[in-house]
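Working notes for the structure below.
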There are 2 protein chains.
Amino acid sequence: MSKQGGTEEHALAEVVGCCSPLAREPLSAAQSVELARVFKAMGDPVRLRLLSLIASHAGGEACVCDLTDVFDLSGPTISHHLKVLREAGLISGERRGTWVYYRVHPDVLAQVSAVLVPAAPDSPAAMPGDREALPVVEA
Amino acid sequence: MSKQGGTEEHALAEVVGCCSPLAREPLSAAQSVELARVFKAMGDPVRLRLLSLIASHAGGEACVCDLTDVFDLSGPTISHHLKVLREAGLISGERRGTWVYYRVHPDVLAQVSAVLVPAAPDSPAAMPGDREALPVVEA
DNA sequence: CGTCTACCTTGACGCCTGTCGAAGCAGGGG
DNA sequence: CCCCTGCTTCGACAGGCGTCAAGGTAGACG
């Protein structure tokens with residue numbers, strides 16, 4: 001298989017929009033596929049913890065070396081999970097010198113969160129930025 | 001709070017609490033396992049669409065016969081997906097006469113949503129009901 | 001009673017995925 | 001220059017998961 005399929009664009013913002021609550025109207029097939037991609041990425045304890053570790057780390061970014069120590073898993077496995085999160089558009093990584101630093105994309109989390117709540121009464125969580133801000137996956 | 005002798009206990013409320021944002025502090029191993037269980041259930045396009053169909057249906061509940069027609073899938077497959085959603089605590093079903101009606105548990109959706117948003121400044125979305133209201137899985 | 005409909009369970013099959021060891025690439029120091 | 005560390009990719013293996021056909025259960029209706 002061709003290696004980098006960076007090819008995949010997940011237009012989460014385009015398909016889901018900024019605010020289409022799950023309970024308001026039925027998701028289309030395309031919408032559900034896009035959303036499920038993100039949920040599936042978060043559907044693993046290790047990845048969920050990685051996401052949390054990165055998000056809660058000082059400075060908003062974490063080095064892979066910090067993440068690896070937390071788990072009883074091999075390096076390649078951690079790398080694999082980071083790749084999955086990256087391809088889901090949840091995080092992105094940057095190499096600085098010897099180390100690679102990852103940071104989360106809060107907009108994506110906010111969008112996913114907004115889809116789940118029934119109405120979002122006056123919720124500010126719905127749209128911190130604009131939907132355009134959705135990161136293109138770099139994989 | 002052992003629930004009924006059901007199979008799985010998902011103490012989502014117990015482990016996750018009502019408001020522990022992902023980005024505030026790292027998830028514990030137990031928390032990530034519980035949360036991942038819910039996300040994994042939502043990590044399939046068909047299940048996500050089922051959830052949306054039920055949630056957005058008039059009266060807050062939907063008959064299985066309505067759901068089956070939407071997909072090009074066999075009855076057993078739909079039944080399987082409904083079971084997964086049920087065991088994740090996202091929906092519950094009730095038999096009335098010949099038909100079985102499913103309805104969603106909005107509290108669970110709200111809790112999951114609350115975990116994702118970074119801060120939730122004044123968000124009321126966090127807790128519509130009380131955590132005790134978390135549905136017991138009937139599996 | 002029998003039968004028909006609606007829904008669930010079982011068993012089987014193929015793909016997808018999490019995991020590892022080994023090997024490869026990128027930089028920093030000797 | 002060579003090596004050493006950090007991270008990723010490759011190849012392989014076991015287990016999980018989505019799907020269906022066939023068979024089972026619950027209730028309605030005659």
Side-chain angles (χ1 to χ4, degrees), chain A residues 1-6 8 29 32-33 36-51 53-54 61-88 91-103 137-139, chain B residues 6-8 29 32-33 36-51 53-54 61-88 91-103 137-139:
Chain A
M1 48 183 60
S2 58
K3 308 198 124 196
Q4 229 11 316
E8 287 295 339
S32 56
V33 168
R37 194 195 308 269
V38 179
F39 282 129
K40 191 191 287 184
M42 293 194 290
D44 181 282
V46 174
R47 287 197 289 268
L48 215 43
R49 223 167 150 206
L50 282 171
L51 199 63
L53 284 167
I54 298 170
E61 60 183 10
C63 168
V64 177
C65 53
D66 297 329
L67 304 173
T68 309
D69 298 342
V70 178
F71 303 90
D72 288 338
L73 293 172
S74 67
T77 299
I78 299 296
S79 205
H80 162 70
H81 285 304
L82 288 171
K83 183 179 180 182
V84 172
L85 288 172
R86 214 190 316 144
E87 291 180 343
I91 63 175
S92 60
E94 177 197 359
R95 172 160 217 134
R96 280 206 297 278
T98 307
W99 298 277
V100 175
Y101 294 90
Y102 279 94
R103 59 175 57 240
V137 174
E138 55 182 58
Chain B
T7 14
E8 287 289 334
S32 56
V33 168
R37 194 195 308 271
V38 179
F39 282 128
K40 191 191 287 185
M42 293 193 291
D44 182 282
V46 174
R47 287 197 290 267
L48 215 43
R49 221 166 151 206
L50 282 171
L51 199 64
L53 283 167
I54 297 170
E61 60 183 12
C63 169
V64 177
C65 54
D66 296 329
L67 304 173
T68 309
D69 298 342
V70 177
F71 303 90
D72 288 338
L73 293 172
S74 67
T77 299
I78 299 295
S79 208
H80 162 69
H81 285 305
L82 289 172
K83 182 179 181 182
V84 172
L85 289 172
R86 212 188 319 141
E87 291 181 343
I91 63 175
S92 60
E94 178 197 0
R95 174 161 216 137
R96 280 206 297 278
T98 307
W99 298 275
V100 175
Y101 294 90
Y102 280 93
R103 59 175 58 240
V137 174
E138 56 185 57

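Residue numbering restarts at 1 for every chain, and letters A, B, ... go by the order of the sequence lines.
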- Item | Heavy-atom check, side chain of A:T77 versus side chain of A:F71, under 4.5 Å | no

- Which part of the nucleic acid, if any, lies within reach of B:G75 when heavy atoms closer than 4.0 Å are counted: base, sugar-phosphate only, or nothing? nothing

- Ignoring hydrogens and geometry, is there a side-chain-to-backbone donor-acceptor pair from A:R47 to A:A41 under 3.5 Å? yes

- Message: Need one value for A:L73: base, sugar-phosphate or nothing, where a base atom within 4.0 Å counts as base even if backbone is also close, heavy atoms only.
- Response: sugar-phosphate

- Query: Looking across every strand, which nucleic acid part, if any, lies under 4.0 Å from B:R47 by heavy atom: base, sugar-phosphate, or nothing?
  - Reply: sugar-phosphate

- Test side chain to side chain contact (heavy atoms under 4.5 Å, CB included) on A:L85 and A:H81 and set out the steps. CA-CA 6 Å; A:L85 288 172; A:H81 285 304; 5.6 Å; no

- Message: Heavy atoms from C-beta onward define the side chain here; which of D:dA28, D:dT9, C:dG18 lies closest to that of B:T98?
- Response: D:dA28

- Item | Side-chain N,O (B:Y101) to OP1/OP2 (C:dA6) below 4.0 Å | no

- Taking for each residue the nucleotide of DNA chain C with the nearest heavy atom, is it B:V100 or A:G97 whose nucleotide lies nearer the 5' end? B:V100

- If we ignore angles and hydrogens, is there a donor and acceptor under 3.5 Å between the side chains of B:Y102 and B:R86? yes

- Task: Indicate, with a heavy-atom threshold strictly under 4.0 Å, whether B:H80 touches base, sugar-phosphate, or nothing.
- Result: base

- Message: From C-beta outward on B:Y102, which listed nucleotide comes closest to its side chain: D:dC7, C:dC8, C:dC7?
- Response: C:dC8

- For A:D66, which contact category applies under a 4.0 Å heavy-atom criterion: base, sugar-phosphate, or nothing? nothing

- Message: Among C:dT17, D:dG27, D:dT8, which nucleotide has an atom closest to any side-chain atom of A:S79?
- Response: D:dT8

- Message: If you assign B:T68 and A:R95 each to the DNA chain C nucleotide with the nearest heavy atom, which residue ends up on the more 5' nucleotide?
- Response: B:T68

